[in-house]
Amino acid sequence: MQQYDPHAIEPRWQAFWEQSGASNMRSDVNDVNGSPLPNYYALEMFPYPSGDIHMGHVRNYTIGDVISRYKRMCGFNVLHPIGWDSFGLPAENAAIKQGSSPAAWTYENINKQRASLKRLGFSYDWSRTTITSDVDYYRWGQWIFLKLLKMGLVERRNSPVNWCPDCATVLANEQVVGDGVCWRCKSVVQRKELEQWFFKITNYADELLQDLDTLSGWPARVRQMQANWIGKSVGAEVDFCFCKDDDSDACGIANSDTNACGIANENANANTCDGKFFSTASLKSNLEKITVFTTRPDTLFGCSFFLLAPEHPLVRELVCGTKYESDVVKVIESAAAATAVERSSGLREKNGAFTGCYVINPINGAKLPVWVADYILMDYGTGAVMAVPSGDQRDFEFARKYGLPIPPVVISKDDELYSKLAEERQLSITDVSWSEAYAGDGILVQSAQFTGMRGGKDSEGAKAIVAWLEERGLGRSAINFRLRDWLISRQRYWGNPIPVIYCEKCGIVPVPEEELPVRLPLDIDVTKGENLSSRPDFYQTTCPCCLAPARRETDTMDTFTCSSWYYLRYTDPHNSKLPFAREAVDNWMPVDQYIGGIEHAILHLLYSRFFTKALRDAGLLGFSEPFKNLLTQGMVKLNGEVMSKSKGNVVAPEDMISCYGADALRVYILFMAPPDKDLEWSQEGLEGIYRFLTRVWRIVHDLVGGACEDTLYAHHADSKTDEQQKDKAKDIAAATLQRERHRVVGKVSSDIERFNFNTAIAACMELVNAASDYLHLVHPQERLQNTAVNLRDIEVAETIVKLLAPMAPHMAEELWHGVLGHSAEESVLDETWPKFDPSLAVASEIEIVIQLNGKLKTKMMISKDASEDEMRNQALIAIANELEQLKAENKQVRKLVVVPAKLVNVVVN
RNA sequence: GGGAGCGUGGCGGAAUUGGCAUACGCAGUGGACUUAAAAUCCACCGCCGCAAGGCUUGAGGGUUCGAGUCCCUCCGCUCCUACCA
């Protein structure tokens, strides 16, 4: 027997798989009935080529490879592709640092990673490799951009955006993470007002949210995160009219003749915006009304002041030249200066200033002071808020700080004010003694004809008030989303050029489809700070409409646009007429199993869902969700810390392969933890797996018959002195091995289906242990001389090899061909997954447990088919002594609980 | 503040529906083999106890014949999210 030497075996089988196309799709193969094989699309998130692969990749791709190989052996036609997400900023930074070009750096890393992936023996269909920075790929990204533009899903507009000063580019909302820092370089993001390109993902907000319910194969956590990100709120819009009153009280409290929390006056309300209150003379914008969004229209009577975000465009206009200007500007400036660090401090004190202006509460005509407040966000809702201090903690704190009234409007039945306000309908309480706001459900008070109704989100009172507003055109029910449109333009070189042209006469003109691709010039010298806007030969062009000189867009697309549809291209990677043929995508999609890191829970996974829906509406494909099942794998850590180059705590996959081989690394990473949990690296653990593989190697050899001279096993057998005992032990070991073979096949199959690779491997170890026990007792000559026994042993060996084939494929091939002597052309991958007989997976005699009042008393052997009566009777005999004793204490058997083939519980009292 | 999840030996972890808690492995201890070491093989390996036996899944309570698993309260840890009107 040769020693197990992964370094001799592995390159040989990698070459074999590549030459024979063993991992490619099998569209031409039929099943035994002549029908085409069912499809299975297994996909792992493709890598970004930043240096060589790391352990996270190994884990991700090993999981995907096991699933692919397993499904293939189960008779599926498996699509298992790989590619590279190769546009992006790190390439530019690395090129600047090394004095090379982004393209050179990128493709060098791709080659390095490709070699490593091959060294790990992953079963990719290399003929479908897709690299996003290849013009054959990105041209179709441009094509899709134009398609979405035509559909009205792309927009160029002025907007407050996130600017990363280090990356010198704008970022999407999703790319601002943690305490408001850039997702990539972690520098603090600034807010800027710029004209940029957006994908209108908000058009799909509702569908993106609703369809999460159809994704039962996704982790609940990811669905929850997406739902939170989309952030749907149901409520109402309410229109407030401006009222500029120069005589008003400077402190902002309503005049005594205007009841701030007054009862609705039907007559006055019908026309609150008459000349009496309303004067827009000094408002340049001539704005008459301002709309707010609220989730609590039921609290409208409790609105005692009105708030604007510091960034609200109206604010400066309102205070310009007034005595309020300096205080308001202070608030604006301090809010603008507040960095993300301050914003995240949680218990930040709220600051604001009175603007000198008033609005009219449409429900009761109350005159409300308009304040600017730094806790109002410009990019949520309308940037204006109706403040209800009794019902919202933030408004409450603000009101207390600035002495604004806090009239109760929705109160709990437990509140001492309840009887007075809700039952006796007493009115005019402008302040509460509460220490905090009451945001829960309750009863409406001080709300005119609505008093006494139930209040709360979507309550009777809320509906009635919205209906009242709707009738008069003063408000309407509304839904608001937290999701913003996706900002996709980047002021960077190494990306997909946005295919539009700016013409002085014609405006924004899309590049005509036949002129695609807009090629990214490769000779740009980023080390000299060049980018597309420093290259006239790139941007100088003529307008496709009027042929006048025009300028190309020099921004590129966010790299996330590239990764939003690569999984579609894999189904038809060489199509030169379209990004993909509809037939191909509809045949393969949605992806049956997608595997990747949780860090993409929102970014990539949300964008891809949006792309799928948009492309569906473009008629390019016929499904609504890209990924049917999603597995988010945990991280690989060392001493509790994420491995990273900057920390210098990286365990390099290449080093581990050089030492123990790819199979050991693969099996180790599967065995150490369930795939969705973090994995703590342990060198001893890897060595243990290497030992296990060595053991498998030897035991498979020995089962087949090569152990004649090996005395390892005989030694143990000889130590048994009693011949009869020895024979009995042999029989038991042989029977156990057969039973284990059936049990373990069942266990490994269901474990792989459920991605419990760690327990699948544990089960394989149990089978190997059973085989080892058997080999210790039965001498090789004894086994080889009996043909039936030898065949049975070979069957066990084949089972072990097949069960391990998805996880340790190189060793499996070597044993399959070398020791088990199968044909040289056929990969073990093309063998069928082993079957098992559940009835042979249990012994005829099984051990059951006898409990007394739920406590384990004894165990006994009983036939596996024993009836409940039989179990009951046997159990009573087994604990007869105890029962006798208890009888003496006047206790008797009250109940017998029988769980077939498991236990009997005797209940005595 | 809000949301999600987790808590089992010295360590990684197992226990699919409520039914023998600690599978499998790592580390450790003893032994065989060896001139010796490594490798390999065998045995032991939750805690207390000399033993019989008792105790044990973060703590406490509940439901149940029976709870690591279900319910309630508390403690601890992790992740996400954060002034979302």
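Chain letters run A, B, ... following the sequence lines, proteins first and then strands; every chain starts at 1. Just so you know, these numbers come straight off a predicted model, no measurement behind them.
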Considering just the side-chain nitrogens and oxygens of [X], establish if one lies under 4.0 Å of OP1 or OP2 belonging to [N].
| X | N | result |
| --- | --- | --- |
| K637(A) | C79(B) | no |
| N228(A) | C80(B) | no |
| H776(A) | C42(B) | yes |

Heavy atoms under 4.0 Å, any strand shown: does I376(A) hit a base, just sugar-phosphate, or nothing?
base
Rounding to a whole Å, what distance do you find between [X]:[atom1] and [N]:[atom2]?
| X | N | atom1 | atom2 | result |
| --- | --- | --- | --- | --- |
| M225(A) | C84(B) | CE | P | 19 Å |
| F692(A) | A39(B) | CZ | P | 19 Å |
| R221(A) | U81(B) | CZ | C1' | 12 Å |
| Q3(A) | A38(B) | CD | C1' | 13 Å |
| N853(A) | U64(B) | CG | C1' | 13 Å |
| D676(A) | C79(B) | CG | P | 17 Å |
| D678(A) | G7(B) | CG | P | 14 Å |
| N480(A) | C84(B) | CG | P | 13 Å |

Cut-off 3.5 Å, side chains only: do E436(A) and W434(A) have a donor facing an acceptor?
no
Counterpart residues, salt bridge (charged side-chain N to carboxylate O under 4.0 Å, His left out), relative to [X] (two or more places apart):
| X | result |
| --- | --- |
| K401(A) | E349(A) |
| D485(A) | R157(A) |
| D392(A) | R394(A) |
| K859(A) | none |

When the [atom1] atoms of [N] and [M] are considered, how many whole Å apart are they?
| N | M | atom1 | result |
| --- | --- | --- | --- |
| A14(B) | G25(B) | C1' | 11 Å |
| A59(B) | C26(B) | P | 30 Å |
| U73(B) | G5(B) | P | 15 Å |
| C24(B) | G18(B) | C1' | 24 Å |
| U78(B) | A15(B) | C1' | 23 Å |
| A82(B) | G3(B) | C1' | 10 Å |
| U57(B) | G76(B) | C1' | 16 Å |
| C55(B) | A36(B) | C1' | 46 Å |

In terms of the angle between their ring planes, are Y402(A) and W371(A) parallel, tilted or perpendicular, with boundaries placed at 30° and 60°?
tilted
Derivation and outcome, side-chain contact (heavy atoms from CB on, under 4.5 Å), residues Y660(A) and I689(A)
CA-CA 9 Å; Y660(A) 304 98; I689(A) 290 298; over 6 Å; no
Syn or anti: how is G66(B) classified when any glycosidic angle within 90° of 0 counts as syn?
anti
Between the protein and nucleotides 25-27 of chain B, which nitrogen or oxygen pairs are less than 3.5 angstrom apart?
{"from": "G25(B)", "atom 1": "OP1", "to": "N769(A)", "atom 2": "ND2", "distance (Å)": "3.3"}
{"from": "C26(B)", "atom 1": "OP1", "to": "R691(A)", "atom 2": "NH2", "distance (Å)": "3.1"}
{"from": "A27(B)", "atom 1": "OP2", "to": "R691(A)", "atom 2": "NH2", "distance (Å)": "3.3"}

K677(A) vs G231(A), nearer the 5' end of RNA chain B by closest nucleotide:
K677(A)
Excluding sequence neighbours, so at least two apart, what forms ring-ring contact (aromatic ring centres under 6.0 Å, His included) with [X]?
| X | answer |
| --- | --- |
| F306(A) | F240(A) |
| W697(A) | Y4(A), H701(A) |
| H604(A) | Y594(A), H600(A) |

Within a radius of less than 6.0 Å around CD of E845(A), do more than 12 heavy atoms belonging to other residues, nucleotides or ligands occur?
yes
For the side chain of [X], counting heavy atoms from C-beta on, which of [options] is nearest?
| X | options | answer |
| --- | --- | --- |
| V907(A) | G13(B), C65(B), C84(B) | C65(B) |
| Y380(A) | C20(B), A85(B), C65(B) | A85(B) |
| R482(A) | A14(B), G3(B), U81(B) | U81(B) |
| W229(A) | A82(B), G13(B), C41(B) | A82(B) |

Every protein N/O lying under 3.5 Å from an N/O of nucleotides 15-19 of chain B:
{"from": "U16(B)", "atom 1": "N3", "to": "R754(A)", "atom 2": "NH2", "distance (Å)": "3.4"}
{"from": "G19(B)", "atom 1": "N2", "to": "Q851(A)", "atom 2": "OE1", "distance (Å)": "3.2"}

Indicate every side-chain donor-acceptor pair of residues 763-770 of chain A with a distance under 3.5 Å to a residue at least two apart or in another chain.
{"from": "E766(A)", "atom 1": "OE1", "to": "R743(A)", "atom 2": "NH2", "distance (Å)": "3.3"}
{"from": "N769(A)", "atom 1": "OD1", "to": "R695(A)", "atom 2": "NH2", "distance (Å)": "2.4"}
{"from": "N769(A)", "atom 1": "ND2", "to": "M765(A)", "atom 2": "O", "distance (Å)": "3.4"}

Should the pair E687(A)-R691(A) be classified as a salt bridge under the 4.0 Å nitrogen-to-oxygen rule?
no
Tell me which pairs pass salt bridge (charged side-chain N to carboxylate O under 4.0 Å, His left out) where either residue lies in residues 229-240 of chain A, with sequence neighbours left out.
D206(A)-K232(A), E237(A)-R476(A), D239(A)-K289(A), D239(A)-R476(A)
Under 3.5 Å donor-acceptor pair, K859(A) side-chain atoms to C20(B) base atoms
yes
Can you run through RNA chain B from 5' to 3' and write each base as (, ), [, ], | or . depending on how it pairs? Watson-Crick or G-U wobble, both distances under 3.5 Å.
(((((((..(((......[....))).(((((.......))))).(((....)))..(((((..]....))))))))))))....
